[in-house]
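Computed from heavy atoms alone, side chains included, the values below leave out hydrogens, waters and symmetry copies. All figures in this text were calculated on a predicted structure; none of them were measured in a lab.
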Amino acid sequence: MTSTRTTIDTVLALLRSTPQSEAQLEQLGLEAQTLPSGELVYLVETRPSTEAAMLFRVLGKERALAVFEALPASHQADLITALRTPQVADLIGDLDPDDRASLFDELPAAVAERLMHGLDADERAMTTAVLGYPRHAIGRYMSPEVLTLGPGMSVREALAHVRERAEAAETIYLLPVVDRSRVLLGVVGLRRLLVADGGTLVGDLAHDAVRSAATDDREDAARRFFAAKLLAMPIVDGEERLVGILTVDDAIDILERENHEDSARTSGSEPLPRSYLSTPILRVVRSRIVWLLVLAVSAILTVQVLEVFEDRLDQVVILALFIPLLTGTGGNTGNQAATTVTRALAVGEVRVRDLPRVVWRELRVGAVLGLVLGVLGLLVAGLVYGPAIGAVIGLTLLSICMMAAIVGGLMPLVAKKVGADPAVFSNPFISTFCDATGLIIYFTIATAVLGL
């Protein structure tokens, strides 16, 4: 670990020195080659684009390709712009078509077009096919490099076919079986081929395949992929013709990206397009300021509610002491419900049509939670401030918990119904809504119980 840290410090010192002599560049290359690929990826992601490009230039071809493939598409685009060397053409040609399509999305159109023309005819055709699907469709993430088998092949012929073409295929562990029109008939695993009798027909070994249409939403397809515990999944067009295959590494990337977006939006910000340390300060500010402005405007509702009930507060000043407790409880209860339902939506445990069942379930959960907290609030507030105040706090906690649980469970389903991201309607929105509504409930109950 100490040796790696020393090497990193040396590499950073060489990158910062300006200008670099031939001897320094040679030393930079020697030092960089000794670092693990993970450390190189970290350095390229977190250094300015000029330093990242310099580091990249001194890597050997195989090492450079391994690092390049591990980078997000946005960082790949930055490197392409900074490099502008023949090395770029080799990198682009060695990428898989789906990774190439993601990179082209990040590049200026003129640059992407120039790089596309630099590809050979086959690679260009496969990349164009992937780029033809919408950005959030699973077709954008499939590989069109699929090794297929015919149902009339014997196992012996199929294995010879696999050996001959294995290097060009994205995966050989799951082999689609198609007819002459490429209509998907089923799939067969490599293990099953290896243990079967050589004269057995592939069509007799094939079984039905879990598949996805190329236009399906990427997150839905990836969730279905992992629910079925697959290593690869065929992707078909509207006529059930095989157009590509989704592999486990691409499915993982999709879910990581979706989880990253959900996590950011749940906390009231937009996801950053690249690593935190390499994102410009103004870009970080822009990712947060929009939601802060929205929440600030929404919080005005809370102020207006307090203004409406100002005369009640003047009569019973003690009521103001419990406002943070009640608003905090409502927000936390709503966020817990929203997080639970959002996750259930993501993994397919709940669907939009289950809305009445979710509301009824959250009503009961909120009632039990409110009853427990309400009794506690009744006893504590009643002993300190009198039974009337205790009754107000107890009833308010019961009502707020029920309201917040219903709203928290309802919002993700409403968002899904209207085509919005359920995470967007999660913590920030629900907290603000429950604050204002909770205060209305609080002062309404106080007015009735205390006769204000």
Side-chain angles (χ1 to χ4, degrees), residues 266-268 291-342 358-412 414 424-452:
T266 297
S267 61
W291 275 107
L292 286 177
L293 290 173
V294 170
L295 294 175
V297 172
S298 300
I300 294 175
L301 292 173
T302 304
V303 176
Q304 290 178 327
V305 170
L306 287 173
E307 186 177 356
V308 169
F309 291 99
E310 185 178 5
D311 56 331
R312 274 74 160 185
L313 283 174
D314 288 340
Q315 296 178 53
V316 187
V317 179
I318 200 66
L319 293 176
L321 297 177
F322 293 95
I323 290 176
L325 165 68
L326 299 174
T327 56
T329 300
N332 290 336
T333 303
N335 290 335
Q336 287 177 339
T339 300
T340 302
V341 175
T342 299
V358 170
V359 171
W360 174 234
R361 174 174 287 266
E362 288 300 330
L363 172 63
R364 288 177 291 166
V365 171
V368 174
L369 291 173
L371 188 61
V372 173
L373 294 176
V375 170
L376 183 62
L378 171 65
L379 294 176
V380 174
L383 287 174
V384 178
Y385 300 104
I389 296 295
V392 170
I393 301 306
L395 290 172
T396 303
L397 283 170
L398 173 62
S399 303
I400 284 179
C401 284
M402 292 172 64
M403 177 273 299
I406 292 172
V407 171
L410 184 64
M411 280 302 170
V414 172
V424 174
F425 287 83
S426 191
N427 296 13
F429 177 83
I430 290 172
S431 294
T432 304
F433 178 85
C434 290
D435 284 353
T437 309
L439 288 176
I440 293 174
I441 292 173
Y442 179 37
F443 288 114
T444 300
I445 291 174
T447 299
V449 173
L450 302 177
L452 300 177

Test your reading of the model: is there a side-chain donor-acceptor pair from Y442 to the backbone of L397, 3.5 Å cut-off?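 No; judged by distance alone, with no hydrogens or angles, the pair does not exist.
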
Side-chain donor/acceptor of S399 to backbone N/O of T396, under 3.5 Å: no

[atom1] of [X] to [atom2] of [Y]: how many Å apart, nearest 0.5 Å?
| X | Y | atom1 | atom2 | answer |
| --- | --- | --- | --- | --- |
| L326 | I445 | CG | CD1 | 9.0 Å |
| I393 | L325 | CD1 | CG | 7.0 Å |
| I441 | M403 | CD1 | CE | 4.0 Å |
| L383 | L378 | CG | CG | 8.5 Å |

Which residue pairs pass the ring-ring contact (aromatic ring centres under 6.0 Å, His included) test with at least one member in residues 378-407, sequence neighbours excluded?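 Pairs touching residues 378-407 that pass the test: F322-Y385.
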
Only counting residues at least two apart or in another chain, list the ones meeting side-chain contact (heavy atoms from CB on, under 4.5 Å) with [X].
| X | result |
| --- | --- |
| V359 | L355, I406, L410 |
| V341 | V358, E362, P412, L413 |
| N332 | none |
| M402 | L363, A367, L398 |

Of all the heavy-atom pairs spanning [X] and [Y], show the shortest one and how long it is.
| X | Y | value |
| --- | --- | --- |
| T333 | C401 | CG2-O, 3.7 Å |
| A405 | A337 | O-CB, 3.6 Å |
| V449 | A391 | CG1-CB, 4.5 Å |
| A446 | L319 | CB-CD1, 4.0 Å |
| A320 | P324 | O-CD, 3.8 Å |

Assess whether side chain to side chain contact (heavy atoms under 4.5 Å, CB included) is satisfied between V407 and M411, documenting all intermediate values. CA-CA 6 Å; V407 171; M411 280 302 170; 4.1 Å; yes

Qualifying residues under side-chain hydrogen bond (donor to acceptor under 3.5 Å, both in side chains), relative to T447, sequence neighbours excluded: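 Counting only residues at least two positions away or on another chain, T447 forms a side-chain hydrogen bond (donor to acceptor under 3.5 Å, both in side chains) with R312.
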
Using a 4.5 Å cut-off on heavy atoms from C-beta on, say whether the side chain of L373 contacts that of T329.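 SC-SC contact between T329 and L373 confirmed.
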
Please test C434 against T327 for side chain to side chain contact (heavy atoms under 4.5 Å, CB included), starting from the C-alpha separation and ending with a verdict. CA-CA 7 Å; C434 290; T327 56; over 6 Å; no

